[in-house]
Amino acid sequence: MINKTPKEELSHNQTALAMMKPYQQITIQDCGEPLVAIPLEKFAVEFPHAYQKLGAPYHLSSVDSPYYLRQSVLDRLLIAQLQLQENHPHWKILIFDAYRPVEVQQFMVDYSFEQLLKQRGITQQSLSAEQHQSILTEVYQFWAAPSLDPATPPPHSTGAAVDITLVDQTGTLLNMGSEIDEISPRSYPNYFENSSDLIEQSHHQNRQILFQVMKTAGFQQHPNEWWHFSWGDQLWAWLTNQQNPEENAIAKYGRYSS
Ligand SMILES: C[C@@H](N)C(=O)N[C@H](C)C(=O)O
Ligand SMILES: [Zn+2]
């Protein structure tokens with residue numbers, strides 16, 4: 001992990017502020033619903049969890065597992081899976097990530113920044129201020145800022161967001177054409193929509209199956225990420241209002257604190 005100097009810390013925080021997203025202006029009135037354990041036997045899941053494998057600090061939180069969601073969000077995820085199984089018996093939703101403490105959000109932002117440096121063969125020593133800024137901007141297109149401000153919680157820290165994919169009746173992952181968390185345009189939900197390549201068309205169809213069942217259950221999809229869905233958080237409310245301005249939706253969930 002990169003140990004940030006105070007100057008770098010300031011620069012990370014300034015970039016996060018400068019990159020405030022429009023959905024972060026949405027009012028939050030937390031309904032106080034509990035965070036509940038996901039019944040993992042009903043879904044598909046990978047063990048060990050991807051971020052726990054990387055050493056993410058779940059132990060700092062009172063909820064020390066990613067497999068938690070707010071009650072109504074879990075209810076809707078179960079509805080989405082039933083919807084999926086109407087057309088695809090025995091297929092399952094694979095839960096990649098759900099509740100994420102802010103400490104883990106910070107860890108993953110730092111990790112993703114470090115990975116991009118590695119991929120581009122840039123060392124900390126040779127990193128210019130411009131490169132630093134531009135790589136951080138890329139990271140924040142896919143990761144929410146690890147804000148501790150109650151008015152701008154990272155979506156997963158509310159317990160209302162979930163990162164998922166699909167497995168078929170044999171437990172095999174459907175090919176979505178890119179890995180979860182890939183920082184690239186291939187992660188955009190409709191990236192393969194107009195492809196003439198048959199394999200890429202099947203990636204799009206698979207993404208559409210996931211999108212449709214989640215939409216039916218009331219979820220909104222992150223505009224840059226085929227795998228990220230939420231119900232009741234600020235992004236959900238903002239997207240709902242974009243689609244139907246008369247809704248005036250506000251967020252039902254803020255950062256979860258026990
Ligand atoms: C990158 C992905 N795992 C994710 O969860 N992104 C959203 C926007 C987040 O950080 O809340
Ligand atoms: Zn997510």
Side-chain angles (χ1 to χ4, degrees), residues 21 23-24 26-83 92-109 111 143-165 180-181 210 213-215 217-222 225 227-240 249-258:
K21 311 268 167 63
Y23 71 80
Q24 292 180 302
I26 291 281
T27 302
I28 301 171
Q29 266 174 30
D30 197 297
C31 60
E33 214 175 66
L35 200 59
V36 293
I38 301 171
L40 295 180
E41 70 287 355
K42 297 200 169 144
F43 295 96
V45 68
E46 266 173 15
F47 280 113
H49 176 270
Y51 307 157
Q52 284 183 320
K53 232 174 7 191
L54 295 174
Y58 287 92
H59 53 277
L60 295 177
S61 162
S62 59
V63 180
D64 63 353
S65 153
Y67 298 122
Y68 278 78
L69 283 173
R70 298 285 190 137
Q71 181 70 64
S72 302
V73 182
L74 173 60
D75 294 345
R76 284 169 185 272
L77 195 60
L78 286 160
I79 291 171
Q81 182 159 267
L82 284 177
Q83 184 70 32
K92 281 186 172 172
I93 291 176
L94 182 140
I95 301 174
F96 179 84
D97 194 34
Y99 173 68
R100 191 185 302 153
V102 180
E103 295 89 345
V104 174
Q105 186 77 18
Q106 179 72 65
F107 176 93
M108 288 309 302
V109 165
Y111 174 82
W143 291 89
S147 166
L148 283 165
D149 181 343
T152 57
H156 284 267
S157 304
T158 68
V162 65
D163 294 338
I164 53 175
T165 185
I180 291 181
D181 285 354
L210 179 64
V213 298
M214 292 301 280
K215 186 176 156 201
F219 287 89
Q220 292 283 2
Q221 185 180 43
H222 192 290
E225 301 173 7
W227 60 85
H228 177 108
F229 295 87
S230 65
W231 187 84
D233 66 352
Q234 284 178 304
L235 179 56
W236 169 86
W238 186 79
L239 289 167
T240 301
I250 60 167
K252 304 169 196 294
Y253 306 114
R255 186 174 87 228
Y256 178 79
S257 48
S258 49

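- Of all non-hydrogen atoms in I28 and P150, the two that sit nearest each other are CD1-O, 3.6 Å.
- Atom CD1 of I79 is separated from atom OG of S72 by 9.5 Å, given to the nearest 0.5 angstrom.
- Using a distance-only test at 3.5 Å, with no hydrogens or angles considered, no donor-acceptor pair links the side chain of Q71 to the main chain of P34.
- In this structure, W143 and P154 have side chains that are not in contact, with every pair of non-hydrogen atoms separated by 4.5 Å or more.
- Side chain of S147 to main chain of T152: a donor-acceptor pair is present (N/O by atom type, distance under 3.5 Å, no hydrogens or angles).
- Looking only at distances, no side-chain donor or acceptor of H222 sits under 3.5 Å from a matching main-chain atom of F229.
- The neighbour count for K21 NZ, taken as heavy atoms of other residues, nucleotides or ligands under 6.0 Å away, is above 12.
- Taking the centre of each ring, F96 and Y51 come in below the 6.0 Å mark.
- Heavy-atom minimum distance, V73 versus G159: CG2-O, 4.0 Å.
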For this session: Let me see the working for I164 and W227 under side-chain contact (heavy atoms from CB on, under 4.5 Å), right down to the final yes or no.
Result: CA-CA 5 Å; I164 53 175; W227 60 85; 5.7 Å; no
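- Side-chain atoms of D233 and S230 include a donor-acceptor pair closer than 3.5 Å.
- Nearest heavy atom pair, residue A56 against residue V104, reads CB-CG1, 3.9 Å.
- Taking NZ from K42 and CG from L77, the interatomic distance works out to 11.5 Å, rounded to the nearest 0.5 Å.
- Between the side chain of Q105 and the main chain of A144, a donor-acceptor pair closer than 3.5 Å is present.
- Annotation: the span from I180 atom CD1 to H228 atom NE2 amounts to 12.0 Å, rounded to 0.5 Å.
- Heavy-atom minimum distance, I250 versus W236: O-CZ3, 3.9 Å.
- In this structure a side-chain-to-backbone donor-acceptor pair under 3.5 Å is present from R70 to T158.
- Side chains of Y23 and L239 form no contact here, defined as non-hydrogen atoms less than 4.5 Å apart.
- Nearest heavy-atom pair, V63 versus Y256, reported as atom, atom and distance to 0.1 Å: CG2-CE2, 4.1 Å.
- Although no hydrogens or angles enter the test, the distance criterion places a donor-acceptor pair under 3.5 Å between the side chain of Q234 and the main chain of Q24.
- Atom OH of residue Y99 and atom NE2 of residue H156 lie 12.0 Å apart, to the nearest 0.5 angstrom.
- Salt-bridge check for R100 with D163: passed, with a basic side-chain N closer than 4.0 Å to an acidic carboxylate O.
- Although no hydrogens or angles enter the test, the distance criterion places a donor-acceptor pair under 3.5 Å between the side chain of R255 and the main chain of L148.
- Atoms CG and CG, on D181 and D97 in that order, are 8.0 Å from each other to the nearest 0.5 Å.
- Between L69 and A98, the shortest heavy-atom distance links the atoms CD2-CB, 3.8 Å.
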Problem set entry | Worked check of side-chain contact (heavy atoms from CB on, under 4.5 Å) between Y68 and I38 | CA-CA 5 Å; Y68 278 78; I38 301 171; 5.6 Å; no
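- Put simply, OG1 on T240 and CH2 on W231 are 10.0 Å apart, with the number rounded to the nearest 0.5 Å.
- Between the side chain of Q83 and the main chain of A217, no donor-acceptor pair closer than 3.5 Å is present.
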Problem set entry | Evaluation steps, side-chain contact (heavy atoms from CB on, under 4.5 Å), between K92 and Q81 | CA-CA 6 Å; K92 281 186 172 172; Q81 182 159 267; 3.6 Å; yes
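- Between Q221 and K215, every side-chain heavy-atom pair lies at or beyond the 4.5 Å cut-off.
- Ring centroid separation for the pair F47 and H49 does not come in under the 6.0 Å cut-off.
- Between the side chains of E33 and Y253, at least one donor N or O lies within less than 3.5 Å of an accepting N or O.
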Problem set entry | side chain to side chain donor-acceptor pair (under 3.5 Å) assessment of E103 paired with S61 | CA-CA 8 Å; E103 295 89 345; S61 162; 5.5 Å; no
